[in-house]
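First comes the structure, then the notes that go with it.
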Amino acid sequence: MASSTATLEKIVALCKRRGFIFQSAEIYGGINGVYDAGPMGTLMKENIKTAWKQSLLSQLDKDIVFLDGAQLGTEAMWKASGHLENFHDPLVECKACNARFRADDIDLNGNCSRCGKKNWTEVREFNLMFKTQLGASVEQSSSAYLRPETAQSIFVNFKNVLTSSRVKIPFGIAQIGKAFRNEVTPKQFIFRMREFEQMEMEWFCSAASALDFYAFWREERRKFYSAIGIAPEHIHMRDHDKDELSHYSSGTADVEYDFPFGRKELEGIAYRGNYDLTQHSAHSGKDLAVFDDAAGASFVPHVVECSVGVDRLFLTLLLEAYAEEETEGGPRTVLRLHPSIAPIKAAFCPLVDKLSEPFEKVYRRFRACGHSVQFDSSGSIGKRYRRQDEIGTPYCFTYDFDSEKDGKVTIRYRDDMRQERIDISAIDAFVNVKGPFIAPNC
Ligand code: GAP
C-alpha cells in the first residue's frame, strides 16, 4: 500500500471538510489566530483532555488535584508573576507598508516580505497580554488581563488548595483552561494562536527533591505521548540553553515534535525554582511557605511544571495520524488516531436502506449509554467507509441480509481495512473504548 504523509495544507483542508476546526467568525472574514472547534474537533479535544487527566490520575503514588481558575487576573497578580515586565516579543514594523513582524522571525538585513521594501523601525518589546478594564471605572486599579498561562491561577490558589484538600508536599495541582496571547504573528494554523487552551500541572516539592522530580516528569511526559499514539522517534527532548530560559526558570526542556514546518516545541517542562510562590508572597503580603515537620522549619516549595497546549497537541495528533493511501478500491485518506482519541468510536452501517430499522435499534442502545457512535446509512458502503476513515473511526459495523438470520455483522477495521464477521453481541467490546491509562480490569 503506497502512502504519503501530511502537509499543513492537507490538515487544514481536512479539518474544514470534516468539521474538526473552523476559522472563527469566518463569515465575517475570520480573526487571525482564533479558531473554533467543529463537531468532530470538540469531541477530539475532550478526548485529549480526558487522556491527559487520566495520565495524571493513574499516577497512584502521586497526589494530584485539579483546579479551574478564572481567566481574568488583576494587574497586581501579573506584576508579581513578572508577566507585565517580561512577557513580550521583539516587534518590528515596516515603515513602508506598516506590516508587523516578530523581529526574531525575519532577517532584518533583508526586505519586507509584504511590500519588498527595506525600511524597518527600531525593534521594540511588545507585551503579549490582552488588557481590559473591569466595570465602568478607568482607574489603574480596575485594569485586568486575560491570563497568558493557566499556571498563575494555580500559584495564587496554592494556599487555598493546601488548606482545603488533604494534600501534603510533594503534590501536584493540575488545570486545563484557556490562555490568551496577543501573538505578533499567529501562524501555522493552530500551532500558534491568540486564544488557546493549556493543560498544565505544577508539582510542588522540596528544593532537595526538585531535580529528581524534574527528571521523573520528563520521562512520564515522554511515556504519555507514546501511549496516545505518537511514535517515540517523532518526539525529542531538548534542554534550553541558559540564554533561552524564561524569566522564572532555572531549567527547561522542550518536548519537540517533527512538524511539517520543522522541529518545534510541543510541551515545555520547567523547573521554576520557588520563583512564583516567592513573588506572590512578597507582592500580596501573604505567607505562602509550608511547615516541614521533619526539619522544624518553614520553606517555600519549589515547582516542576509540565505545560502543553491542547490545540498544539491536537494538531500533532492529526499530523501523526494522517495518511493518504492507494488501495485496491482507490485512494483513501485515513486518520489512524488512537481509539481513545478518535471522535467517533464506531459507525453502524446497514448495507442497504431497508435494513436500517433493525440495526438502528442496536445503534440506539449504544447511544443511550452515552457512547460516541454514528449511524451511517447514506451512500455506497465503500463511500461510507472512506468517510469514516477520514474522521478516524476505528471500526465500522455492517448489517447485511444474513445478519437477521445469523445474528452477525461485518466488522471493518480502519487501519488495515480487514473485514470479518462477528456476533452482534461482540460489538460492545469494540465500542467500550478504554484510554491507555485505564487498567484493563476497570
Ligand atoms: N506556564 C508555562 C508556559 O505557558 P509556554 O512554553 O509559553 O509555557 C506552554 O507554553 C505550552 O502552551 C507550549 O508548549 C504550547 O504547547 C502551548 N502554547 C504556548 N503558546 C501557544 C500559542 N500561542 N498557541 C497555541 N499553543 C501555545
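Just so you know, these numbers use all the heavy atoms, side chains as well, and skip hydrogens, waters and symmetry mates. Counting starts at 1 for both ligands and their atoms, in listed order. By convention here, the first residue in the shown sequence is residue 1. Everything quoted here is computed from the prediction, not taken from an experiment.
Applying the 4.0 Å criterion to heavy atoms of G268 picks out, from ligand 1, the atoms 14 (O). Near V308, meaning under 4.0 Å from any of its heavy atoms, are these atoms of ligand 1: 16 (O). Annotation for ligand 1: atoms under 4.0 Å from non-hydrogen atoms of E200 are 1 (N), 2 (C), 3 (C), 4 (O). Those atoms of ligand 1 that come under 4.0 Å of a heavy atom in E267, given as number and element, are 14 (O). Set against the non-hydrogen atoms of E149, the atoms of ligand 1 under 4.0 Å away are 1 (N), 2 (C), 3 (C), 4 (O). Listed by number with element, the atoms of ligand 1 under 4.0 Å from a non-hydrogen atom of R192 are 22 (C), 23 (N), 24 (N). Under a 4.0 Å criterion applied to the non-hydrogen atoms of M193, ligand 1 contributes the atoms 22 (C), 23 (N), 24 (N), 25 (C). With ligand atoms numbered from 1 in the order given, ligand 1 contributes 1 (N), 2 (C) to contacts under 4.0 Å with heavy atoms of E305.
Between P148 and ligand 1, a contact under 3.5 Å exists for no N or O pair. An N or O contact shorter than 3.5 Å links G309 to ligand 1 by distance.
With salt bridges taken as basic N to acidic carboxylate O contacts below 4.0 Å, one links E26 and K16. A salt bridge links R100 with E93: at least one charged nitrogen is closer than 4.0 Å to a carboxylate oxygen. Between K53 and E46, none of the side-chain N atoms (NZ, or NE/NH1/NH2) sits under 4.0 Å from a carboxylate O, so this pair counts as no salt bridge.
Applying the salt bridge (Lys or Arg N to Asp or Glu O under 4.0 Å) test to every pair with at least one member in residues 144-155, sequence neighbours left out, gives these pairs: E149-R272. Applying the ring-ring contact (aromatic ring centres under 6.0 Å, His included) definition to pairs two or more places apart or across chains, those involving residues 273-298 are H247-Y275.
Counting protein heavy atoms only, atom 9 (C) of ligand 1 is closest to S307 OG, 3.0 Å. The nearest heavy-atom contact from the protein to atom 18 (N) of ligand 1 is F196 CE1, 3.6 Å. Here the heavy atom of the protein found nearest to atom 12 (O) of ligand 1 is Q198 NE2, 3.2 Å. Nearest non-hydrogen protein atom to atom 13 (C) of ligand 1 is E265 OE2, 3.3 Å. Regarding atom 25 (C) of ligand 1, its nearest protein heavy-atom neighbour is F191 O, 3.2 Å. Among protein heavy atoms, the minimum distance from atom 8 (O) of ligand 1 is reached at Y248 OH, 4.0 Å.
Residue V34 is tested with E195, M193, Q23 for a side-chain contact (heavy atoms from CB on, under 4.5 Å); the sole match is E195. Partner of Y257 under the side chain to side chain donor-acceptor pair (under 3.5 Å) criterion, out of E267, E265, E320, K264: E320 alone.
Using a 4.0 Å cut-off between heavy atoms, T150 makes no contact with ligand 1 at all. With a 4.0 Å cut-off on non-hydrogen atoms, R194 does not touch ligand 1 at all. Only the side chain of R272 comes within 4.0 Å of ligand 1, counting heavy atoms alone; its backbone N, CA, C and O stay farther away.
The aromatic rings of Y214 and Y271 sit tilted relative to each other, their planes meeting at an angle between 30° and 60°. Ring planes of F430 and Y395: perpendicular class, angle over 60° (limits at 30 and 60°). Under the 30°/60° scheme for interplanar angles, the aromatic rings of F213 and F216 are found to stand perpendicular.
Considering only non-hydrogen atoms, atom 19 (C) of ligand 1 lies nearest to R181 out of R181, K187, E202, E183.
Separation of the Y145 and F180 ring centroids does not fall under the 6.0 Å cut-off. Between F259 and F261, the ring center distance clears the sub-6.0 Å criterion.
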